[in-house]
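Whatever order the structure lists ligands and atoms in, that order sets their numbers, starting from 1.
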Amino acid sequence: MEDKAEWSARTLAAQALGRIDEKTRAIVPPLHVATTFIRDPDNLYRSGNIYGRADNETVREGEAIVAALEGAPSALLFGSGMSAAIALFLGLGPGAHVVAPKVMYWSLRNWLVNEAPAHGVAVDLADADDLNAIAAAIKPGRTKLIWLETPSNPLWGVSDIAGAARLAHGVGAKLAVDSTCATPVFTKPLALGADVVMHSATKYLNGHSDVLAGALAFASDDSLAARIRQIRAAHGMILGPFEAYLLIRGMRTLDLRVRAAAASAFELAQRLSNHSAVSAVLYPGLPHHPNHEIARRQMVGGFGGMLSVRVRDGEAAAIATAARVRLWKRATSLGGVEALIEHRASVEGPTSPCPPDLLRLSAGIEDVEDLWRDLDQALRP
Ligand code: PLP
């Protein structure tokens, strides 16, 4: 156990925390699928297992790995990133005010704007790359949570986590960070002062485009975490055991996958910056990116595997480019081993801040030269 405290997150995830199954001595933990459990003779449940909607041993093992990756005392896994985030917002309770980014994962922004008020949660959207704008949106006494997503979909702005944590704590609020695209490999929001980290584990944590999952990791196992655990149990939001098993397997290679994707994204961002068909490259690793300095301070070891390009000849040319790729997959989502390309405005609709000429790229772990050749030919009609 003392050893574990010294091991890096990469080592812990590679060995799924190094647990050995007591009965078989297997180095891969067994998959627990039971939904119900036998009571002890004296009517207690000493195993800690009662019913599958509240908890599951395979899910707990996945949570322990997410907690280790984020340096958190506890974590919870959900059936999707959306359900993880929504459980947190519901956990704030009616009357809560939330400050959230104008640019963020569109589906969650839509939920905050259109659905959260029906649950008694009021939301104001602010330019989250600007601490002054966040400060101006805070309602002292009412604001319970600042929500950040950094880097943020699909324009890849970077928010100052430590600065936003100071703002939140100054008014007795909490800071939560959607760190899906930064990944625990490059950013540790809890160490920077955040109270909760959220992941769409569907993306990099699992990494193989075959599991829908979400995670919350908590800086302290407090009453909010307990409330969210209750909400998860009552609403049946827990991740299924098969998905938890696959997620554990995916996280074993998280570090390698994410570093490979980020190296390719960085290389592609540089080459695309000089491409005649591209008018702008949006990537926090580029020196001209407006938030590059904060990205350099906050993202350690890489800037992530996501970038966007604006196609010089406009929307129709962008859509035609996405139709011409042969290796990149023209599909939504991100963070898998395969490179994905998407015309985001087609997905997000008219309320989106996404320009119509933008293509979002999720670098995979393929050979970067193959990725480059395919993009280059697709950009040149
Ligand atoms: N947050 C970000 C940054 C995402 O990209 C996504 C999904 O695309 C989500 C949250 C929602 O996650 P899920 O699709 O797992 O519900």
Kindly print each ligand 1 N/O atom paired with any protein N/O atom under 3.5 angstrom away, one pair per line, or none if nothing qualifies.
from: ligand 1; atom 1: 1 (N); to: Asp178; atom 2: OD2; distance (Å): 2.6
from: ligand 1; atom 1: 5 (O); to: Asn153; atom 2: ND2; distance (Å): 3.3
from: ligand 1; atom 1: 8 (O); to: Lys203; atom 2: NZ; distance (Å): 2.8
from: ligand 1; atom 1: 12 (O); to: Ser200; atom 2: OG; distance (Å): 3.0
from: ligand 1; atom 1: 15 (O); to: Gly81; atom 2: N; distance (Å): 2.9
from: ligand 1; atom 1: 15 (O); to: Ser200; atom 2: OG; distance (Å): 2.8
from: ligand 1; atom 1: 15 (O); to: Thr202; atom 2: OG1; distance (Å): 2.6
from: ligand 1; atom 1: 16 (O); to: Gly81; atom 2: N; distance (Å): 3.1
from: ligand 1; atom 1: 16 (O); to: Met82; atom 2: N; distance (Å): 2.8

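- Classification of Arg19 and Glu57 as a salt-bridged pair fails, no side-chain N sitting under 4.0 Å from a carboxylate O.
- With a 4.5 Å cut-off between side-chain heavy atoms of Ile, Leu, Val, Met, Phe, Trp and Tyr, the cluster of Ile365 takes in Val337.
- Salt bridge status for Arg271 with Glu267: present, with a side-chain N to carboxylate O gap under 4.0 Å.
- Inspection of the Arg109 and Asn153 side chains reveals no N or O donor paired with an N or O acceptor under 3.5 Å.
- A salt bridge is defined here as a Lys NZ or Arg NE, NH1 or NH2 lying under 4.0 Å from an Asp or Glu carboxylate O, and Lys174 with Asp222 meets this definition.
- Using a cutoff of 4.0 Å between basic side-chain nitrogens and carboxylate oxygens, Arg373 and Asp376 are not scored as salt-bridged.
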